[in-house]
Number of protein chains: 2
Amino acid sequence: MKKVSLKDIAQKAGVSTALVSYVLNGKEKETRVGETIARRIKEIAKELNYHPNHLAKSLRSGKTHTFGLIIADISNPFFANIARVVEDEAKKNGYTVIIGSCDENADKSWDLLNVLVNRQVDGFIIVSCENSENQIHYLKERNIPFVLLDRHFPDIQTDFVATNNYKASYDAGVHLIRGGYRNIGLIAYKSDMYHMVERIRGYKHALADSQIDFHANWLKEVKFETMEQDVKTAIDEIMSADQKVEALVFATYGLAINGLKYINELRLQVPSDLAIVSFGQAEVFDLYYCPITYMRQPLEMLGKTAVEFLLKKMKNPDEGMKQILMEAKLIARDSSMAKSAWPAG
Amino acid sequence: MKKVSLKDIAQKAGVSTALVSYVLNGKEKETRVGETIARRIKEIAKELNYHPNHLAKSLRSGKTHTFGLIIADISNPFFANIARVVEDEAKKNGYTVIIGSCDENADKSWDLLNVLVNRQVDGFIIVSCENSENQIHYLKERNIPFVLLDRHFPDIQTDFVATNNYKASYDAGVHLIRGGYRNIGLIAYKSDMYHMVERIRGYKHALADSQIDFHANWLKEVKFETMEQDVKTAIDEIMSADQKVEALVFATYGLAINGLKYINELRLQVPSDLAIVSFGQAEVFDLYYCPITYMRQPLEMLGKTAVEFLLKKMKNPDEGMKQILMEAKLIARDSSMAKSAWPAG
DNA sequence: GCGTTTTTATTAATCGATTAAGCATTCTCA
DNA sequence: TGAGAATGCTTAATCGATTAATAAAAACGC
């Protein structure tokens, strides 16, 4: 009933634990273990259903073959899916992932980081939240390998894997403009995070490049914590402004969900009353009565590459920084249909 | 840069590691450590930013303060949310959770179980998949504490926390019948799992209790692996049968998503062409043009109770089995609107 | 002052596995 | 035949923390 250890096998075979360890680790050749006894040891191991104690292994080797994945918001299906990709990819490489969500809260993120560091994880993949720069510096100081995913800090030299948010947002804007929309709004988070800044910048540039004057009240920045109410207010304002908006970009999945709910409440028709393009991705976008155009981020590639970078970093910490920006792809659906294609009515 | 251990502190303080251990574990009183040196040790610990090595602690104590959560399908938001609840609740109790998804595959589930057992997790919360009874027996034999969540095996004596699926399904049926629907279909998984069997049983009883003759082609059992295609076929058949169906119950979230997509393709109007009630819960149900009626399971309570049971089990393995069935609540929306309330047209 | 507590701190075994170093044998070949 | 090589296995230190057993020093009693 109690656990079987090397010692138990050694005892039963009448040899030292060293021999058992050598054999079970496939080092019989290098360490010249007798063939007969090697076979016997393997037999006994199987017979006793031996499984090595990873704690002991890890303590000795300093490697846990585990890494931490700290995610800004696991209730966002985009991140949930990324988590899945990361987990699968890690498993393929013999690693276990411990996932934690900090819910966009830097303090929670600190706690998670500490718990995981104390559990001796070998490295981190992190989707950073606002005001968590200190945590990145901490990891750098302690020489703990990590890769930033989806969000990064331009002022800190780190490995990262992210989307080209400027480009994605620019493309979203251009797409709507080409569809004949000119008064275009953007609902984003109020945040200093670079990815959000870039999404706003891309949107503005798209307008500017088409000689559309940007109106300050087309851009609404809402707080994550009070998103539900703020989004309603934002839409109210945006729809009643002097330069009433005819198309709207949601900068994240969460904003889109809340926005679409309210748009339904208001009985606004998409796209005739309001065209929509959103970031994020989820089944909701397919199932909405008017399927939602969205920027598809290369989820699979993002996750896989992050794991790849991390594994490389752990193997060779002194190699140069690996940084990559991937392109998002606009998936055009009815919610942003060109005005010219609108059904009569 | 390298990690700070008890020994480092001991050296700096000029004492043995034992003293340091006592002090940092708050056992200064019982072990009568001198006040002066105790204070000094704490100072040095803080100064060196000491954090204990949990591997070493665990190896010694045999407790990792970690448990495994094996989930049948993490891409199902119902389970994703449960995972979140479990994680939060565990954290409150000082436990870390390692989550794994087996994607309804018993082999994968075995792998996960083994990985986690070898990592010496203290216990398991498991959403079982089909044909994984042997795994449950294995845990029982090895005396590893566990609690089954959401799904259980009536033939195996275990702790479990689940929903009363019979009742939920019965209620769904009755709700539709009261709304004036009589030809009612059910799309479920082809599975021997008890929760699915119960959902089918409840549905049939609801019909029977209202003197509605059950037609075999109202019930479609599809395979998880080929769900997308199977659901389409099922809906085609169900809508063209002799006794064409006018209302449909989806036994899971995944089935609902696929079903609704196809219903959109077919341009069927909900609820006039087809009324809907679904299990599972997600934002999609709110955002659908005709909000979907669903059975709300007590997600929060399920997760919390599972953790509670597990902690109790770990503390006191010999206490009796804890088993609980919780009630789901029908959330009525437009998708199952009573026929009498249909807008004219 | 000498034996007895009380107080305070140390020693060393332990958890389970790894691995460098060392000790016997047996083998090889000049 | 005997020095050196090859073979086969054991010893013991190590990872970092815990803790029972024990020792040393100080305080106390008479």
Side-chain angles (χ1 to χ4, degrees), chain A residues 1-42 44-45 48-66 117-122 142, chain B residues 1-42 44-45 48-66 117-122 142:
Chain A
M1 213 52 71
K2 63 181 183 298
K3 305 234 176 71
V4 179
S5 73
L6 273 196
K7 211 193 267 180
D8 298 318
I9 300 181
Q11 233 147 39
K12 189 147 186 181
V15 297
S16 69
T17 62
L19 262 202
V20 180
S21 172
Y22 291 143
V23 170
L24 297 183
N25 285 299
K27 305 205 174 149
E28 340 167 20
K29 290 289 173 300
E30 301 107 285
T31 58
R32 297 159 313 186
V33 179
E35 251 189 60
T36 338
I37 195 66
R39 219 176 305 121
R40 179 100 189 88
I41 286 173
K42 285 183 198 158
I44 297 181
L48 297 184
N49 190 28
Y50 169 77
H51 286 284
N53 182 324
H54 278 238
L55 289 179
K57 268 187 140 100
S58 296
L59 178 58
R60 184 78 224 277
S61 66
K63 299 263 145 268
T64 53
H65 281 263
T66 300
V117 166
N118 294 346
R119 285 185 182 258
Q120 321 292 127
V121 299
D122 294 339
R142 301 225 0 198
Chain B
M1 213 50 70
K2 63 182 181 303
K3 304 234 174 71
V4 179
S5 73
L6 273 195
K7 210 193 270 177
D8 299 318
I9 299 180
Q11 234 146 39
K12 188 145 185 185
V15 297
S16 69
T17 62
L19 263 201
V20 181
S21 172
Y22 291 143
V23 171
L24 297 184
N25 285 299
K27 305 202 174 153
E28 339 167 21
K29 289 289 172 301
E30 301 105 286
T31 57
R32 295 161 310 188
V33 178
E35 251 189 59
T36 338
I37 195 67
R39 219 175 306 121
R40 179 100 188 88
I41 286 172
K42 284 183 197 158
I44 296 181
L48 297 184
N49 189 29
Y50 169 78
H51 287 285
N53 182 324
H54 278 238
L55 289 179
K57 267 188 141 100
S58 297
L59 178 58
R60 185 78 222 282
S61 66
K63 299 265 148 265
T64 54
H65 280 263
T66 300
V117 167
N118 294 345
R119 286 186 181 258
Q120 320 292 128
V121 299
D122 294 339
R142 300 226 358 199

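Each chain gets a letter, A, B and so on, in the order the sequences are listed, and its residues count up from 1.
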- Which whole-number value in Å describes the distance from A/Tyr22 OH to C/dT19 C1'? 5 Å
- Task: Could you please name the option among C/dG16, D/dA17, D/dT10 that lies closest to any side-chain atom of A/Val15?
- Result: D/dT10
- Item | pair B/Asn49-B/Val4: side-chain heavy atoms closer than 4.5 Å | no
- Message: Nearest to the B/Ser21 side chain among D/dT19, C/dA9, D/dG8, which nucleotide is it?
- Response: D/dT19
- Task: Can you tell me the distance, in whole Å, between the CG atom of A/Leu19 and the C1' atom of C/dG22?
- Result: 14 Å
- Does B/Arg119 reach the side chain of B/Thr66, with side-chain heavy atoms less than 4.5 Å apart? no
- Item | Length of the line joining B/Leu6:CG and D/dT14:C1', which is rounded to integer Å | 16 Å
- Task: Report which part of the nucleic acid B/Leu55 touches: base, sugar-phosphate, or nothing (heavy-atom distance under 4.0 Å, all strands).
- Result: nothing
- Task: Give the minimum heavy-atom separation between B/Val121 and B/Thr64, together with the two atoms involved.
- Result: CA-OG1, 3.6 Å
- Between D/dA6 atom P and A/Lys29 atom NZ, what is the distance in whole Å? 18 Å
- Counting heavy atoms from C-beta on, name the nucleotide in D/dG16, C/dA17, C/dA9 closest to the side chain of B/Ser5. D/dG16
- Item | Rounded distance (Å) that lies between atom C1' of D/dC9 and atom CZ of A/Arg40 | 17 Å
- Note on the structure: Per atom distances to the A/Ala18 side chain, the nearest of C/dT19, C/dG16, D/dC9 is C/dT19
- Picking from C/dA17, D/dT7, C/dT8, which would you name as closest to the side chain of A/Arg32? D/dT7
- Message: Just the rounded figure in Å: distance from P of D/dG16 to NE2 of B/His54.
- Response: 14 Å
- Note on the structure: Judged by nearest nucleotide, the residue sitting upstream toward the 5' end of DNA chain D, A/Ala56 or A/Thr17, is A/Thr17
- Closest to the A/Ser16 side chain: D/dC9, C/dA17, D/dT10? D/dT10
- Query: Is it true that atom CD of B/Glu30 has more than 12 heavy atoms of other residues, nucleotides or ligands lying nearer than 6.0 Å?
  - Reply: yes
- Message: Let me spell it out: for each of B/Thr31 and B/Ser61, pick the nucleotide of DNA chain C with the closest heavy atom. Which residue's pick is nearer the 5' end?
- Response: B/Thr31
- Query: D/dC15 P sits how many Å from A/Leu59 CG, rounded?
  - Reply: 9 Å
- Item | Between C/dA17 (C1') and A/Lys63 (NZ): distance, integer Å | 17 Å
- Item | From C/dA17, D/dG16, C/dA9, nucleotide with atom closest to A/Tyr50 side chain | C/dA17
- Query: If you check the A/Lys27 side chain, which of C/dT19, C/dA9, D/dC15 turns out closest?
  - Reply: C/dT19
- Item | Check: A/Lys27 main-chain N/O paired with A/Asn25 side-chain donor or acceptor under 3.5 Å | no
